[in-house]
Amino acid sequence: MAGTVGHSGGIVAVSNVGDDEFWTGHPFAQANLYAYGRLAWDPAADPVALLDEWIALTFPGAPDAVAGALHEILDQSWETYERYTSPLGVGFMVRPGLHYGPDVDGYEYTPWGTYHFADRDGIGVDRTVATGTGYAGLYPEPWASVYESAETCPDELLLFFHHVPYTHVLHSGKTVIQHIYDTHFEGVQRVEGFVAAWESVRRTVSDDGAPRLADRVTERLAEQLRSSIEWRDQINTYFFRKSGVPDAHGRTIH
């Protein structure tokens, strides 16, 4: 019997809760789960305020230096991860199955689809109505028209909607290839900053009765730094060899 499927609004997510001692593996990842729950009740809540709320509840009475270090790390975490993994909306360059660590071509030639379409001339997926898959046209106006043109498409989504030359100039004024190089080096530098910020307050957290938590955060940040370096070197090397365009700042790319 034919019927009508409708909805009255809702919110859904994939959680990262497990049987780890710290529930979400990384103690700081609990902030994501907390913010999800709060936003489910109040979608208009300020994410930055929710972050400070979580910090205050998780580390009650902590000195301002501790709260400031945690805010610095967590407020930049998502953007930092994007900087050393997937530039300009290009997508899913992770190891198949594990989904951890870089594998630029891991899913590129599988039935799951392709994500970067990189060749010697350029990078990105053509999802325009005019010459590509037509996906851009599924959005309502004015977004369909915004995404359809490489000139109006936001930089952070450019390679999701367009295949462009490595020398294509972004709204930022940088070329695509230089943006890739710069953001991957910057991503590692940001993680180094996270490590330094945490080390400046780690002893305080440990002395306040949470030595195991302090050790776990140190361990996870060390792994993030190692991983960010691996991502930087593999992604930059891959696109340097594809494009043949050197880094404008002469940094080491293998």
Side-chain angles (χ1 to χ4, degrees), residues 13-40 45-87 93-95 98-103 181-236 249 251-252 254:
V14 177
S15 74
N16 58 344
V17 177
D19 59 2
D20 186 87
E21 176 185 1
F22 295 99
W23 210 28
T24 52
H26 193 316
F28 290 173
Q30 294 175 23
N32 298 325
L33 192 63
Y34 178 83
Y36 167 73
R38 291 283 280 109
L39 288 168
D46 179 8
V48 176
L50 294 182
L51 170 58
D52 289 333
E53 189 177 288
W54 177 83
I55 292 171
L57 290 170
T58 307
F59 298 89
D64 290 345
V66 172
L70 298 184
H71 185 103
E72 176 186 343
I73 294 169
L74 290 168
D75 192 37
Q76 299 183 49
S77 60
W78 166 71
E79 185 185 53
T80 298
Y81 177 77
E82 184 178 343
R83 280 179 178 269
Y84 66 76
T85 54
S86 301
M93 298 190 291
V94 296
R95 292 193 188 105
L98 297 176
H99 292 180
Y100 186 82
D103 188 343
Y181 297 154
D182 288 349
T183 52
H184 283 75
F185 280 105
E186 290 164 6
V188 172
Q189 292 171 351
R190 283 195 178 193
V191 179
E192 291 173 338
F194 293 171
V195 171
W198 173 247
E199 285 301 312
S200 72
V201 299
R202 174 190 177 187
R203 184 177 295 278
T204 300
V205 173
S206 183
D207 291 346
D208 284 346
R212 292 177 66 81
L213 182 147
D215 289 344
R216 176 61 68 87
V217 172
T218 298
E219 168 196 309
R220 290 303 169 98
L221 285 176
E223 171 57 18
Q224 184 177 3
L225 179 57
R226 184 209 64 78
S227 182
S228 68
I229 293 170
E230 181 183 25
W231 274 97
R232 178 198 66 193
D233 291 345
Q234 288 201 30
I235 300 297
N236 280 349
H249 303 293
R251 292 164 294 195
T252 300
H254 302 285

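Treat the numbers as computed from the prediction; the structure is a model and nothing was measured. The figures that follow rest on heavy atoms only: side chains count, while hydrogens, waters and symmetry mates do not.
Between Val188 and Leu225 the shortest side-chain heavy-atom distance falls below 4.5 Å. By the 4.5 Å heavy-atom criterion applied to side chains, His71 and Val48 are counted as neighbours. No side-chain heavy atom of Gln224 sits less than 4.5 Å from a side-chain heavy atom of Val195.
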Should Trp198 and Phe28 be marked as a side-chain contact (heavy atoms from CB on, under 4.5 Å) after you check the CA-CA gap, both sets of side-chain angles, and the distance that decides it? CA-CA 12 Å; Trp198 173 247; Phe28 290 173; 3.8 Å; yes
Evaluate side-chain contact (heavy atoms from CB on, under 4.5 Å) for Thr58 paired with Tyr34, printing each intermediate quantity in order. CA-CA 10 Å; Thr58 307; Tyr34 178 83; over 6 Å; no
Derivation and outcome, side-chain contact (heavy atoms from CB on, under 4.5 Å), residues Leu213 and Phe59: CA-CA 11 Å; Leu213 182 147; Phe59 298 89; 4.0 Å; yes
Step by step, work out the side-chain contact (heavy atoms from CB on, under 4.5 Å) result for Thr24 and Asn32. CA-CA 9 Å; Thr24 52; Asn32 298 325; over 6 Å; no
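Looking at every heavy atom in both residues, Pro211 comes nearest to Gly209 through CD-C, 3.3 Å. Nearest heavy-atom pair across Thr80 and Gly187 is CG2-O, 3.8 Å. Residues Ala197 and Glu72 come closest through the heavy atom pair CB-OE1, 3.9 Å. Between Ile235 and Met93 the shortest heavy-atom distance is CD1-CE, 3.8 Å. Heavy atoms only, all atoms of each residue included: Ala45 and Leu50 are closest at CB-CD1, 4.0 Å. Ala13 and Tyr36 get closest at one heavy-atom pair: CB-CE1, 3.4 Å.
Taking CD from Glu192 and CG from Leu221, the interatomic distance works out to 12.5 Å, rounded to the nearest 0.5 Å. His184 contributes atom NE2, which lies 13.0 Å from atom CD of Gln189 (distance to the nearest 0.5 angstrom). Within the model, atoms CG of Asp75 and CD1 of Ile73 stand 11.5 Å from one another, a figure rounded to the nearest 0.5 Å. In this structure, the separation between OG1 on Thr252 and CZ on Arg232 is 8.5 Å, given to the nearest 0.5 Å. Distance CZ/Arg38 to CD/Glu53: 4.0 Å, rounded to 0.5 Å. Atom CG of Leu70 sits about 11.5 Å away from atom CZ of Phe194, to the nearest 0.5 Å.
Heavy-atom contacts from other residues, nucleotides or ligands closer than 6.0 Å to CZ of Arg226 number more than 12. Residue-environment remark: CG (Asp64) stays at or below the threshold of 12 foreign heavy atoms within 6.0 Å.
The backbone N or O of Arg251 sits nowhere less than 3.5 Å from a side-chain atom of His249 that would complete a donor-acceptor pair. A distance-only check finds a donor-acceptor pair linking the side chain of Ser77 to the backbone of Leu74 [under 3.5 Å]. Gln30 contributes no side-chain N or O that, together with a main-chain N or O of Trp54, makes up a donor-acceptor pair within less than 3.5 Å. Checked by atom type and distance alone, the side chain of Thr85 pairs as donor or acceptor with a backbone atom of Tyr81 at under 3.5 Å.
Ion pair Arg202/Asp215 flagged as a salt bridge, since at least one NZ, NE, NH1 or NH2 atom sits closer than 4.0 Å to an Asp/Glu carboxylate oxygen. Between Arg95 and Glu230 there is a salt bridge, since at least one side-chain N of the basic residue sits less than 4.0 Å from a carboxylate O of the acidic one. Between Glu223 and Arg220, no side-chain nitrogen of the basic residue sits less than 4.0 Å from a carboxylate oxygen of the acidic one, so the salt-bridge criterion is not met.
Scanning for ring pair (Phe, Tyr, Trp, His ring centres under 6.0 Å) contacts around Tyr181 gives an empty result, with sequence neighbours left out. In this structure Asp20 satisfies the side chain to side chain donor-acceptor pair (under 3.5 Å) test together with Arg216, sequence neighbours excluded. For Glu79, the side chain to side chain donor-acceptor pair (under 3.5 Å) partners two or more places apart in sequence, or in a different chain, are Arg190.
A side chain to side chain contact (heavy atoms under 4.5 Å, CB included) with Tyr84 is found for exactly one of Ile229, Asn236, Val191, namely Val191.
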